[in-house]
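Naming: A, B, ... by sequence-line order, numbering from 1 per chain. The figures that follow rest on heavy atoms only: side chains count, while hydrogens, waters and symmetry mates do not. What you see is a predicted model, and the numbers here were worked out from it, not measured in a lab.
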Number of protein chains: 2
Amino acid sequence: MTGSGTPGRPTTGNVRVLVVDDHQMFATSLAQALQSESDLLVVGQGTSISEARRLVASATPDVVLLDHRLPDGDGVGAIAELHRIRPSAKVVVLTATTSDRLLVAAMEAGAAGFIAKTQRLDDVVGGVRAAAQGESVVSAKLLARLLLRLRRQGGGSGAELTEREREILDLLAKGLSNADIAQELTISVHTVRNHVANLSAKLGAHSKLEVLSIAVREGLVDST
Amino acid sequence: MTGSGTPGRPTTGNVRVLVVDDHQMFATSLAQALQSESDLLVVGQGTSISEARRLVASATPDVVLLDHRLPDGDGVGAIAELHRIRPSAKVVVLTATTSDRLLVAAMEAGAAGFIAKTQRLDDVVGGVRAAAQGESVVSAKLLARLLLRLRRQGGGSGAELTEREREILDLLAKGLSNADIAQELTISVHTVRNHVANLSAKLGAHSKLEVLSIAVREGLVDST
DNA sequence: ACCCGTCTGGTGCGGGCGTACCAGGTACCA
DNA sequence: TGGTACCTGGTACGCCCGCACCAGACGGGT
């Protein structure tokens, strides 16, 4: 925003905010609550990634409050795309499930902030202001947990799943057996078994059941 | 609300509303949004069942907006208790996961309403007003789905889980094996197997994995 | 007293699953 | 050109699981 329309204002012009959450009543409530802050201007709200794409382009927000779980995809996965559409927009991820893995993924994707929904409304307001000024916003508690984990695992938290593994995880979450998955993807049962074994290793699980359990807890799959 | 089309209601007094949701920022946002309605008075907000108990007694609400998933238990399971504390209070269940089973459970527990979080904020406002007047509030879409299912299954949707089964389901959701569960509950593996088989039958699953998948989808377990 | 639902325990069998360990093909990068 | 990561497929072993079917114990309801 340097020089585009609003030249060198010290700090406070109105911060243009876009709210995206699949729970429409939450998006609307949050929008109203933010609107009551004098220095914030809610310029739009949406309930899906596709709406986010459209609104980021048309409503020219400074900060995007983006839910992690959206009906048409993963919010974190859409961050890069939103940045491509509007590079100056800062994205703050809102999430119901606080997972270290998710936090890392969001920050790596270029998120300016990461706030759990269990936090107070004030934290969102503060987070939006901070993000608008180019600061990063992460809950102290989450950050501590993350650092602890990084220290414990020697930075090797890069348990990133491959595309195929994520695909298999999704089918696993539907309750499909190895044979079902093999048929669905037209590959061998052995291959499925290998992928599942790799998933188990990466997630630290010892069975498909535990894989699913962890995946749900960490928000890696759509539970709806 | 938008004032247009609102039928002439008595407006005998302000409706006292209590908001309970584990996502504090949602509870606060919703509370603020409801507060802006002239005929509604938000008398409190909480993030757990224990807080709900306390606030129902001390804040004397007419309508309680209660989230389904709370940190210290199931919101639906707490409805009866809240009624015991304050019989005149109407409970409207808010839920992220729209499941027929959950809807039935909520209505049977004495809920005055059942609203999905994907619905509009106006629906909540209308739901609160309706509940205050003794009406039942259920989304037309949900109701249609429910009726369709009842017709299809001949009313056999009464797949209520026993206390023990729910207990085993929780452990299952943690990724524990049959042997682990047996040890945890100090019962035989055979018994666990029987319970799991009963769970499978009641949920219409064919494996533990599918049981967990369905349970998560229907919000029967804490995914966090 | 009787039935019914629930929790408890058991036997036996077949198949799916977890594990280990292997290797060919492909794509990408240094 | 070689290394690396990923997807693919395989073999083999043993255990756990799903299924069918059984039965005793306990509590509640008619």
Rounded to 10°, tell me the angle between the two end axes of the helix from dA1(C)-dT30(D) to dA30(C)-dT1(D), each built from five pairs. 40°
Hey, what are the protein-to-nucleotides 10-12 of chain C N/O distances that come in under 3.5 Å?
unit_1	atom_1	unit_2	atom_2	d
dG10(C)	OP2	S188(B)	OG	3.0

Which sits closer to the 5' end of DNA chain C, V196(A) or T186(B), going by the nucleotide each is nearest to? T186(B)
4.5 Å side-chain heavy-atom contact, [X] and [Y]:
| X | Y | value |
| --- | --- | --- |
| T60(B) | R86(B) | yes |
| L66(A) | L82(A) | yes |
| L94(B) | L30(B) | yes |
| K174(A) | D180(A) | no |
| S177(A) | H206(B) | no |
| V63(A) | V15(A) | yes |

Checking H23(A) now: which residues fulfil side-chain contact (heavy atoms from CB on, under 4.5 Å) with it, not counting sequence neighbours? D21(A), F26(A), A96(B), K117(B), T118(B)
Across all chains, not counting sequence neighbours, the side-chain contact (heavy atoms from CB on, under 4.5 Å) partners of Q24(B) are R120(A), T28(B), T47(B)
E81(B) meets the salt bridge (charged side-chain N to carboxylate O under 4.0 Å, His left out) criterion, sequence neighbours left out, with R53(B)
Using OP1 and OP2 only, check whether a side-chain N or O of N178(A) sits under 4.0 Å from dC17(C). yes
H195(A) side chain N/O closer than 4.0 Å to the phosphate oxygens (OP1, OP2) of dC6(D)? no
May I have the distance from [X] (atom [atom1]) to [N] (atom [atom2]), rounded to whole angstrom?
| X | N | atom1 | atom2 | value |
| --- | --- | --- | --- | --- |
| L199(A) | dT19(C) | CG | C1' | 15 Å |
| E165(A) | dT8(D) | CD | P | 11 Å |
| R166(B) | dT6(C) | CZ | P | 13 Å |
| K202(B) | dG18(D) | NZ | C1' | 18 Å |
| I168(B) | dT6(C) | CD1 | P | 14 Å |
| N198(B) | dG18(D) | CG | P | 13 Å |

Please report the interatomic distance NE2(H83(A)) to OG(S88(A)), rounded to the nearest 0.5 Å. 9.0 Å
Out of dC17(C), dC6(D), dG9(D), minimum distance to the side chain of T162(A) belongs to dC6(D)
Please work out which residues in residues 204-212 of chain A have a non-hydrogen atom less than 4.0 Å from an atom of DNA chain C and list them by number. H206(A), S207(A), K208(A)
Residue pair S213(A) / R217(A), side-chain donor-acceptor N/O under 3.5 Å: yes
